[in-house]
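It should be emphasised that the depicted structure is a prediction, and the values quoted were computed from it without experimental measurement. Each chain gets a letter, A, B and so on, in the order the sequences are listed, and its residues count up from 1.
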2 protein chains.
Amino acid sequence: MERRKEGMTLVDAAMDEIIQLILDQDMKEGDRLPNEYDLAQQLGVGRSTLREATRRLVSRNILEVRQGAGTFVSDKHGVPEDPLGLTFMGDDPGLALDLLDIRLMLEPEICAVVARSATVEQLEQLERYCKEVSRLIQDQQDYSEADKQFHRYLAECSGNRVLRNLIPVITSSISVSIATTKDEHRLMTDIYHHQILEAILRRDAAGARYSMIAHLSSNRASVTKNMQFH
Amino acid sequence: MERRKEGMTLVDAAMDEIIQLILDQDMKEGDRLPNEYDLAQQLGVGRSTLREATRRLVSRNILEVRQGAGTFVSDKHGVPEDPLGLTFMGDDPGLALDLLDIRLMLEPEICAVVARSATVEQLEQLERYCKEVSRLIQDQQDYSEADKQFHRYLAECSGNRVLRNLIPVITSSISVSIATTKDEHRLMTDIYHHQILEAILRRDAAGARYSMIAHLSSNRASVTKNMQFH
């Protein structure tokens, strides 16, 4: 048992050194790490230690192994699949409301920032995402992925790197809300998305902020109503 | 290689079943899972698959193994050590600002909710945490852990379970801010904490909200100044 504990510590140290290597060399997503032999030499560890460290960094979404091609810096920026432990909260109906309350803190502010600072390319892309949600809603199709893409892109356009890593809060909330409200909110979603988009396009920060509040608040009312009938 | 991939899928399935078991039986933190033999039987998997699944759930902070005592539901609620991949952002000075901007979205709202809904016990505890930060600041001691405790407790008192899992954003920001401003902000911290506490004690939601904005904004000004001189 002592030996195993010692092994764990070696693995932890190797993990830290790999992270430091990525930061020191300013490696970006998709960059390839040195091959196993060279990296083990460089870190002064055995290959089994390196393999375990790599496996654990893969599970933390810091590295990505492509079979036959090598080990790369992951494009998931070290953000775990479920950073907020939502899986673990089950399907408590209160969760939909807790998630919406957090979004009400984050997304109106995001909209204001994006209205002020988005580039022309970002505005065009945002418009495309908004139209895609519209099209799916009009066609009575499943629009949840497109809806997530619209909100995700808004958060990305804010330029705040911590916020980028909070995107799972927003996207999980969309699935939970659609499920909780039995999707009765789809037509309102389309109307509000357009209000938000138009405010951003005319660089109206207050308008964008309040349209997002209206969108989320209307969603919140719908979730609350469905919880009462539960 | 095919075999390994198949093995991974078995492990993934076992992980999902263990999570489902915890949710179905409404197991809480600290509850013990069935022993390895029984659990392997129950899930219909081999012990090596179960061990790997357990290891990965431990690394996701869903389970905790206590040597000789068994496997337990972790008190970390499945929230990873570094849910926002902050380790991976290095020490970019812009990070302090990005973190503060997120806190400015979350914490004023938290204060308003806490002013309205905190129990008498929570108010007393909050007062104790506030006094502890004061004492350390007056005594010229390291107060960062106590400062984190004050802000962490505010977030916990909000009763929002998603927010509880976002606490690392707040606590990481405190370390980064203190480092970035070379701690020139310590006396102001004490003054603002008291303002926040007093507003909450008199159930003044707007006062609590704006005192938190003042606190974070003053911090933000200090971080910005230090970035310019960098």
Beyond-backbone contact of A:I102 with B:L163, side-chain heavy atoms, under 4.5 angstrom:
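A:I102 reaches B:L163 side chain to side chain.
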
Using heavy atoms and a sub-4.5 Å threshold, report which of residues 104-118 of chain A line up against chain B, by residue number.
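The stretch touches chain B at A:M105, A:L106, A:E109.
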
How would you list, by chain and number, every residue that makes a salt bridge (charged side-chain N to carboxylate O under 4.0 Å, His left out) with A:R203, sequence neighbours excluded?
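Listed in chain order: nothing, the list is empty.
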
Can you sort out the partners of B:D38 under side-chain contact (heavy atoms from CB on, under 4.5 Å), two or more places apart, ordered by chain and number?
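B:D38 satisfies side-chain contact (heavy atoms from CB on, under 4.5 Å) with B:P34, B:N35 only.
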
What's the separation between atom CZ in A:R56 and atom CZ in B:R56, rounded to the nearest 0.5 Å?
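The CZ atom of A:R56 sits 12.5 Å away from the CZ atom of B:R56.
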
Nearest 0.5 angstrom please: B:L97 CG to A:N160 CG, how far?
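Rounded to the nearest 0.5 Å, the CG-CG separation comes to 8.5 Å.
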
Could you walk me through whether A:L166 and B:L166 pass the side chain to side chain contact (heavy atoms under 4.5 Å, CB included) check?
CA-CA 9 Å; A:L166 284 176; B:L166 284 176; 3.2 Å; yes

With sequence neighbours excluded, what pairs up with A:Y210 under the ring-ring contact (aromatic ring centres under 6.0 Å, His included) test?
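With sequence neighbours excluded, A:Y210 shows a ring-ring contact (aromatic ring centres under 6.0 Å, His included) to no residue whatsoever.
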
